[in-house]
Amino acid sequence: MLNDVKVIICGKEYKLKTSESPNYVFALARTLESKINALSSSGTSPYSASIMVALSLLDDLNKANERLDSVRDQTKEYVDEAGKSRIERDAALKEIEVLKSKIAQLENNVKLKELKDSI
């Protein structure tokens, strides 16, 4: 469901249709306006300040996406390593069972030999 939200940024009204909650959109608008006003107070026009804020936010977004991609890649590596470790563990458990069986067989052979020797 889309919400109709009206925000005012730097004295200009914007009507938005969004699936986000109105409070979330209001908070975004307040943050954007404060960033624009901070740059405008140093003599930069609101238009130029808006462009600078947009560039800064895009930079933040790109860096966040790069970090997210890095985390995804690292997670994939961990999952792959875990899969390999699981395969190695399963092979080791099978080998242990084979060795236990061989030990039991050898112990039985020793007992049989001892019985033959005692007879």
Keeping Ser40 on the side-chain end and Ile36 on the backbone end, is there a donor-acceptor pair under 3.5 Å?
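Yes; at least one donor-acceptor contact below 3.5 Å.
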Any sub-3.5 Å donor-acceptor pair from Ser50's side-chain atoms to Pro46's backbone N or O?
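Such a contact is found between Ser50 side chain and Pro46 backbone.
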[atom1]-[atom2] distance between [X] and [Y], expressed to the nearest 0.5 angstrom:
| X | Y | atom1 | atom2 | answer |
| --- | --- | --- | --- | --- |
| Arg67 | Gln74 | CZ | CD | 14.0 Å |
| Glu13 | Ile8 | CD | CD1 | 5.5 Å |
| Arg89 | Leu93 | CZ | CG | 6.0 Å |
| Tyr78 | Asp73 | OH | CG | 11.5 Å |
| Ser70 | Asn65 | OG | CG | 12.5 Å |
| Leu57 | Asn62 | CG | CG | 11.0 Å |

Keeping to residues at least two apart or across chains, list the salt bridge (charged side-chain N to carboxylate O under 4.0 Å, His left out) pairs with something in residues 110-119.
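Output for this query is empty, none listed.
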NZ/NE/NH1/NH2 to OD/OE distance under 4.0 Å, [X] and [Y]:
| X | Y | result |
| --- | --- | --- |
| Arg72 | Asp69 | yes |
| Lys84 | Asp80 | no |
| Lys94 | Asp90 | no |

Under the side chain to side chain donor-acceptor pair (under 3.5 Å) rule, what pairs show up with a residue in residues 17-39, not counting sequence neighbours?
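Pairs touching residues 17-39 that pass the test: Asp4-Lys17.
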Thr44 versus Ala49, closest heavy-atom pair with distance:
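So the two residues come closest at CG2-N, 3.6 Å.
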Within one Ile-Leu-Val-Met-Phe-Trp-Tyr cluster: [X] and [Y], side-chain cutoff 4.5 Å:
| X | Y | answer |
| --- | --- | --- |
| Phe26 | Leu16 | yes |
| Tyr14 | Tyr47 | no |
| Ile51 | Leu32 | no |

Taking the side chain as everything from C-beta on, heavy atoms only, tell me whether Lys100 gets closer than 4.5 Å to Glu97.
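Yes, close enough: below the 4.5 Å cut-off.
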With a 4.5 Å heavy-atom cut-off, do Val5 and Val7 have their side chains touching?
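Of all side-chain heavy-atom pairs linking Val7 with Val5, at least one is under 4.5 Å.
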